[in-house]
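Positions are given from 1 along the sequence.
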Amino acid sequence: QVQLVESGGGVVQAGGSLRLSCAASGRTFSTYAMGWFRQAPGKEREFVGGINWSSGITYYADSVKDRFTISRDNAKNTVLLQMNSPKPEDTAVYYCAARQTPVMITQPNNYRYWGQGTQVTVSS
């Protein structure tokens, strides 16, 4: 059974940095695409970025490009989201998600597996 567990959320000042982790278990994820999504109160869940586990190719939403970086640690079966220079509008619950093909998709309903989410609050 696939399990995704996010950690690392909290309160960060605008312009600071924060790193989120997603620990994945229950499968061999080499053929998976891993996505990071976020959802702010009253808003729809949106794609932040993702990584093709096998190739390491990354994708980012325009709103976070050049500020956020996604990577994976194969030895620890973990996907990381490094948030640099966060802005108050980045405040949301952040989710890790997995889909069982290596094709990166930005729509959340294409992902079968989800973590429980971790709150990120960016103070101004």
Side-chain angles (χ1 to χ4, degrees):
Q1 183 175 353
V2 173
Q3 279 196 318
L4 304 175
V5 179
E6 303 96 337
S7 61
V11 179
V12 60
Q13 274 198 324
S17 64
L18 194 68
R19 189 174 75 171
L20 306 184
S21 297
C22 171
S25 62
R27 286 283 193 280
T28 299
F29 290 91
S30 58
T31 60
Y32 278 61
M34 306 297 293
W36 282 99
F37 292 79
R38 67 187 182 188
Q39 188 165 19
K43 294 189 176 181
E44 293 186 351
R45 193 167 296 191
E46 66 172 357
F47 178 76
V48 174
I51 186 167
N52 179 307
W53 197 293
S54 176
S55 68
I57 296 174
T58 53
Y59 307 81
Y60 299 96
D62 288 342
S63 59
V64 305
K65 202 173 292 183
D66 299 325
R67 297 189 298 121
F68 291 7
T69 302
I70 296 173
S71 60
R72 82 240 191 273
D73 183 332
N74 287 331
K76 296 181 179 179
N77 244 24
T78 298
V79 177
L80 304 172
L81 175 63
Q82 179 69 40
M83 304 172 61
N84 294 331
S85 300
K87 305 174 182 179
E89 51 263 44
D90 294 321
T91 294
V93 177
Y94 283 72
Y95 297 89
C96 174
R99 65 188 306 268
Q100 202 174 346
T101 65
V103 178
M104 187 58 57
I105 300 291
T106 62
Q107 295 302 314
N109 58 6
N110 285 279
Y111 288 76
R112 180 176 181 182
Y113 305 106
W114 290 84
Q116 81 287 354
T118 186
Q119 175 70 46
V120 172
T121 302
V122 183
S123 62
S124 57

Contacts of Tyr95 that satisfy ring pair (Phe, Tyr, Trp, His ring centres under 6.0 Å) - sequence neighbours left out
none

N/O donor-acceptor pair under 3.5 Å between Asp73 side chain and Thr78 backbone:
no

Going by ring pair (Phe, Tyr, Trp, His ring centres under 6.0 Å), name the residues that satisfy it together with Phe29, two or more places apart in sequence or in a different chain.
Tyr32, Trp53

Under the disulfide bond (SG atoms under 2.5 Å apart) definition, can you give me all pairs with a residue in residues 37-69, not counting sequence neighbours?
none

Could you list the donor-acceptor pairs under 3.5 angstrom formed by side chains in residues 1-10, with sequence neighbours left out?
{"residue": "Glu6", "atom": "OE1", "partner": "Gln116", "partner atom": "N", "Å": "3.0"}
{"residue": "Glu6", "atom": "OE1", "partner": "Gly117", "partner atom": "N", "Å": "2.9"}
{"residue": "Glu6", "atom": "OE2", "partner": "Cys96", "partner atom": "N", "Å": "2.7"}
{"residue": "Glu6", "atom": "OE2", "partner": "Gly117", "partner atom": "N", "Å": "3.3"}

Of all residues at least two apart in sequence or in a different chain, which pass the side chain to side chain contact (heavy atoms under 4.5 Å, CB included) check with Val12?
Leu18, Pro86, Val122

Between Pro88 and Ser124, which heavy-atom pair has the shortest distance, and what is it?
CG-CB, 3.9 Å

By side chain to side chain donor-acceptor pair (under 3.5 Å), which residues pair with Lys87, not counting sequence neighbours?
none

I need the minimum non-hydrogen distance between Gln119 and Thr91, along with the two atoms involved.
NE2-CG2, 4.0 Å

Taking only residues two or more places apart in sequence or in another chain, which ones pass side chain to side chain donor-acceptor pair (under 3.5 Å) with Asp66?
none

Can you name the side chain to side chain contact (heavy atoms under 4.5 Å, CB included) partners of Ser17, sequence neighbours left out?
Gln82, Asn84

With sequence neighbours excluded, tell me which residues meet side chain to side chain contact (heavy atoms under 4.5 Å, CB included) with Phe47.
Phe37, Tyr59, Met104, Thr106, Tyr111

Could you pull out all residues at least two apart from Gln39 that satisfy side chain to side chain donor-acceptor pair (under 3.5 Å)?
Arg45

Shared hydrophobic cluster, Met34 / Val93 (ILVMFWY, side-chain heavy atoms < 4.5 Å)
no

Applying side chain to side chain donor-acceptor pair (under 3.5 Å), can you list everything that pairs with Arg38, at least two apart in sequence or on another chain?
Glu46, Asp90, Tyr94

Sorted by chain and residue number, the side chain to side chain contact (heavy atoms under 4.5 Å, CB included) partners of Ser54 (sequence neighbours excluded) come out as Asn52

CZ-CG distance between Phe68 and Leu81, expressed to the nearest 0.5 angstrom:
6.0 Å

Looking at every non-hydrogen atom in both residues, tell me the closest pair between Leu20 and Trp36 and how far apart they are.
CB-CH2, 3.8 Å

Would you name the heavy atoms of Gly50 and Ile70 that are closest together and state the gap between them?
N-CD1, 3.2 Å

